[in-house]
Amino acid sequence: MAKAGFVTSITRQSEDFPAWYNDVVRKAELADYSPVRGCMIIRPYGYAIWESMRDELDRHIKRTGHQNVYFPLFVPRSLLEKEAEHVEGFNPQVAWVTHAGGEELNEWLAIRPTSETLIAEVVKDWIQSYRDLPLLMNLWNNVVRWELRTRLFLRTTEFLWQEAHTFHATEQEAVDEVATGLEAYRSVAEDWLAIPVIKGRKTENEKFPGAVYTLAVEALMRDGKALQAGTSHMLGQNFARAANIEFLDRDNERKNPHGTSWGFSTRMVGATIMAHGDDSGLVLPPNVAPVQVVIVPIFRSDEDRTAVAGAIKPLEAALRDSRRTLPDGRTEPVRFQVDWREETPGFKYNHWELRGVPFRLEVGPRDVAAEQGMLVKRIDRSKEPVPLDRLAAELPDRLDAYQREIFGRAVAFRDDNTHRIDEYDDFKRVLDEQPGFVLAPWCGDSACEKQISTDTGATIRIVPLDQSDEPGACLRDGRPSRQPALFARAY
RNA sequence: CGGGGCGUGGCGCAACGGUAGCGCACGUGCUUUGGGAGUACGAGGUUGCGGGUUCGAAUCCCGCCGCCCCGACCA
């Protein structure tokens with residue numbers, strides 16, 4: 001029972017979702033504020049979650065033929081300004097280094113907001129022939145975007161991410177690559193983080209500055225707001241032309257290669273929190289959870305303590321030898337921790353629930369006598385006695401089932417909160433009364449899109465891919481619509 | 001950048017002209033431990049910074065700096 005005013009109590013979601021989010025991030029010790037406005041300290045538990053999704057995505061990136069590289073933090077002003085639409089899009093958000101070595105610099109250096117221009121400048125020397133293509137690179141790095149308003153993980157001035165940059169001989173190859181990047185994000189979101197996403201195409205207003213088009217995966221948070229979970233850009237020949245990258249093709253013609261770039265950031269830690277968390281705190285998908293099962297010993301006397309320790313010991317050994325099979329076929333042992341701290345059991349239950357650990361095993365004198373432990377599931381606190389000698393063998397399946405269960409729960413939530421609307425009045429009412437995704441016909445005009453956003457606060461997140469043509473009349477101005485767009489209020 | 005609020009031990013607050021106190025957290029001992037333990041003792045603050053008024057400033061005045069909330073950009 002959580003006492004009001006207890007130091008680690010958190011705001012209820014229904015009371016104030018943003019406050020709930022902040023409480024979870026701070027009290028589960030995922031992150032702290034930093035001395036620099038808008039920047040965050042990622043603490044060990046939060047960083048472990050990031051590392052898990054980072055490593056999973058890195059495997060996808062490598063499996064699809066990309067190699068990791070590193071490019072510098074600084075981008076000379078002249079380079080950043082080479083692609084006109086790109087400069088215009090990023091200028092307001094760029095942080096500049098104007099002084100160094102005690103002197104003003106001849107040329108200012110941008111702290112990279114993203115690396116397209118720098119990469120284009122460098123790879124022009126690497127690309128001479130169609131034989132040098134495709135060039136498939138990926139960077140894991142930090143970038144800085146001077147945001148007016150920041151939120152831990154979701155939007156920080158500096159953030160960690162991955163940016164893939166590729167160059168191709170043909171347009172079709174680049175188009176396919178954009179889809180490859182998007183599919184990697186879908187897989188990490190759905191199969192690893194248990195967050196269902198919808199693939200789609202950004203509107204002209206929302207696409208990446210300098211891109212031909214932008215694809216994205218979009219997820220729904222538990223407060224009914226949308227969150228972009230990864231973007232993949234078709235750059236066409238825009239940056240290649242600006243940097244004058246040319247290669248000699250099979251037909252002995254000089255051509256500009258077709259580029260793509262795609263990115264996935266620490267924002268996804270925030271998405272994981274907001275897609276699954278509840279009033280007790282985090283709910284982590286087993287694939288990501290730094291601790292998948294926590295063992296809480298319960299004892300009164302020294303004799304009890306010794307008996308419990310004795311009963312746990314063989315279990316610990318068995319868990320170290322356990323093998324859980326991951327989506328890509330790899331196996332790894334169940335991640336567990338025994339909490340021997342000098343705290344009461346109740347304190348520890350709350351502590352680990354706040355941190356989203358999928359299973360807790362309580363082992364007390366009564367259990368030792370029965371050679372069992374009480375296994376408690378985080379999402380519903382259901383309790384089940386499990387023989388200690390079977391636990392290590394059973395946990396991998398239980399973790400798999402748990403992973404499936406929270407994904408299924410998130411899919412059901414998303415579906416329950418996706419509305420098909422045709423009339424503008426209904427649209428406004430639904431957004432206010434039951435926030436979520438709204439599929440509605442849209443004429444495709446940018447000015448109309450902006451007006452809808454001004455009127456309602458909702459934006460077009462994407463025009464979903466994988467949907468067949470569905471002619472209709474634009475919900476705002478009645479002009480013809482080929483396919484419905486996905487609207488939502490968004491982070 | 002415009003509007004509003006706030007800066008006091010790690011966190012949350014009180015003291016509002018007489019030199020700083022409470023709760024939680026923290027340390028040690030004892031008793032405890034199946035849903036956020038009890039008790040005793042203890043440690044911790046040049047009150048955001050600078051200036052002014054005053055015999056005396058956390059408190060009043062001026063100027064900075066920073067933070068939070070609300071509106072215009074964004075993974």
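Within every chain, numbering begins at 1; the chains are lettered A, B, ... in the order of the sequence lines, protein sequences first and strands thereafter. Because the structure is a prediction, the values reported are computed rather than measured.
- Contact annotation for A/E362: base contact, defined as any heavy-atom pair under 4.0 Å involving a base atom.
- Rounded to an integer number of Å, the gap from NZ of A/K450 to P of B/A72 is 14 Å.
- In this structure, A/R360 reaches the bases: a heavy-atom distance under 4.0 Å links it to at least one base atom across the strands shown.
- Nucleotides B/A20 and B/U47 are separated by 10 Å at their P atoms, to the nearest Å.
- The ring pair (Phe, Tyr, Trp, His ring centres under 6.0 Å) test applied to A/F239 returns A/H86, not counting sequence neighbours.
- A/K383 places its NZ atom 7 Å from the C1' atom of B/G34, with the value rounded to the nearest Å.
- Which of B/G35, B/A75, B/G34 sits closest to the side chain of A/P345 comes down to B/G34.
- For the pair A/D302 CG and B/U32 P, the interatomic distance rounds to 11 Å; values are reported in whole Å.
- Residue-level contact check: A/E353 touches the bases, meaning some heavy atom is under 4.0 Å from a base atom.
- The interatomic distance linking A/H351 (NE2) with B/G35 (P) rounds to 18 Å, in whole Å.
- Across the strands present, B/G42 finds its partner in B/C26; the criterion is a Watson-Crick or G-U wobble pair with both atom distances under 3.5 angstrom.
- When A/H233, A/K207, A/K202, A/E206 are each tested for a side-chain hydrogen bond (donor to acceptor under 3.5 Å, both in side chains) with A/T214, only one passes: A/H233.
- Considering A/V296, A/L391, A/V376 as possible partners of A/L361, the one that fulfils the side chain to side chain contact (heavy atoms under 4.5 Å, CB included) test is A/L391.
- Geometrically, A/R222 does not engage A/F17 in a cation-pi contact, judged by NZ or CZ lying under 6.0 Å from the ring centre and within 45° of the ring axis.
- When the C1' atom is used for both B/U19 and B/G45, the distance is 13 Å, rounded to whole Å.
- An OP1 or OP2 oxygen of B/A37 is reached within less than 4.0 angstrom by a side-chain nitrogen or oxygen of A/T344.
- Below 30°, between 30° and 60°, or above 60°: for A/F427 and A/F487 the angle between ring planes is above 60°, a perpendicular geometry.
- Distances were taken from every side-chain heavy atom of A/N350 (C-beta onward) to each of B/G34, B/C73, B/G35; the shortest belongs to B/G35.
- Nucleic acid contact class of A/Q228 (heavy atoms, under 4.0 Å, all strands): sugar-phosphate only.
- One P atom belongs to B/C68, the other to B/G29, and the distance between them is 40 Å to the nearest Å.
- At a threshold of 4.5 Å between non-hydrogen side-chain atoms, the residues A/Q162 and A/L139 do not count as touching.
- Pairing of B/C1, defined by two Watson-Crick or G-U wobble distances under 3.5 Å, is identified with B/G71.
- Taking atom P in both B/G42 and B/U59, the straight-line distance is 31 Å, to the nearest Å.
- With a 6.0 Å cutoff to the six-membered ring centre and a 45° limit on the axis angle, A/R378 does not count as a cation-pi contact of A/W352.
- Remark: the separation of the P atoms in B/A58 and B/A25 is 30 Å, to the nearest Å.
- The nucleotide B/A37 finds its pairing partner in B/U31, both defining distances of the Watson-Crick or G-U wobble pair being shorter than 3.5 Å.
- In this structure, the nucleotide among B/G35, B/A75, B/G34 sitting nearest to the side chain of A/R366 is B/G34.
- Distance, A/E147 CD to B/A75 C1': 8 Å, rounded to whole Å.
- When the C1' atom is compared between B/U39 and B/G51, the two are found 49 Å apart, to the nearest whole Å.
- Residue contacts for A/L154: at a heavy-atom cut-off of 4.0 Å it reaches a base atom on one of the strands shown.
- Side-chain atoms of A/T260 never come within 3.5 Å of backbone atoms of A/V178 as a donor-acceptor pair (strictly under, hydrogens ignored).
- At the heavy-atom level, A/G364 lies under 4.0 Å from base atoms of the strands shown.
- Nucleotide B/G66 forms a pair with B/C6, judged by Watson-Crick or G-U wobble geometry with both contacts under 3.5 Å.
- Only the C1' atoms considered, B/A72 is 34 Å distant from B/C11, to the nearest whole Å.
- For the pair A/Y491 and A/P365, nearest-nucleotide mapping onto RNA chain B gives the more 5' position to A/P365.
- Note: CZ (A/R381) to P (B/G34) measures 15 Å, nearest angstrom.
- The separation of B/G63 from B/U53, taken at their C1' atoms, amounts to 15 Å, rounded to a whole angstrom.
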Every protein N/O lying under 3.5 Å from an N/O of nucleotides 64-69 of chain B:
from: B/C68; atom 1: OP2; to: A/R37; atom 2: NH1; distance (Å): 3.4

Intermediate values then yes/no, side chain to side chain donor-acceptor pair (under 3.5 Å), A/R112 and A/N142: CA-CA 8 Å; A/R112 64 178 164 222; A/N142 56 337; 2.8 Å; yes

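- Stacking here means ring centres nearer than 5.5 Å and ring planes tilted less than 30 degrees, and by that measure A/Y349 does not stack onto B/G36.
- Protein atom CG of A/L354 is 16 Å distant from nucleotide atom P of B/G36, rounded to whole Å.
- No engagement by A/S301 is indicated, since no non-hydrogen atom pair under 4.0 Å with the nucleic acid exists.
- Comparing atom distances between the A/F347 side chain and each of B/A75, B/A37, B/G34 picks out B/A37 as nearest.
- Contacts of A/S261 classified as side-chain hydrogen bond (donor to acceptor under 3.5 Å, both in side chains), with partners at least two apart in sequence or in another chain: A/E116.
- Both A/P297 and A/E206 lie close to RNA chain B; mapped to their nearest nucleotides by heavy-atom distance, the more 5′-ward contact belongs to A/P297.
- The CD atom of A/E342 sits 15 Å away from the C1' atom of B/G38 (whole-angstrom rounding).
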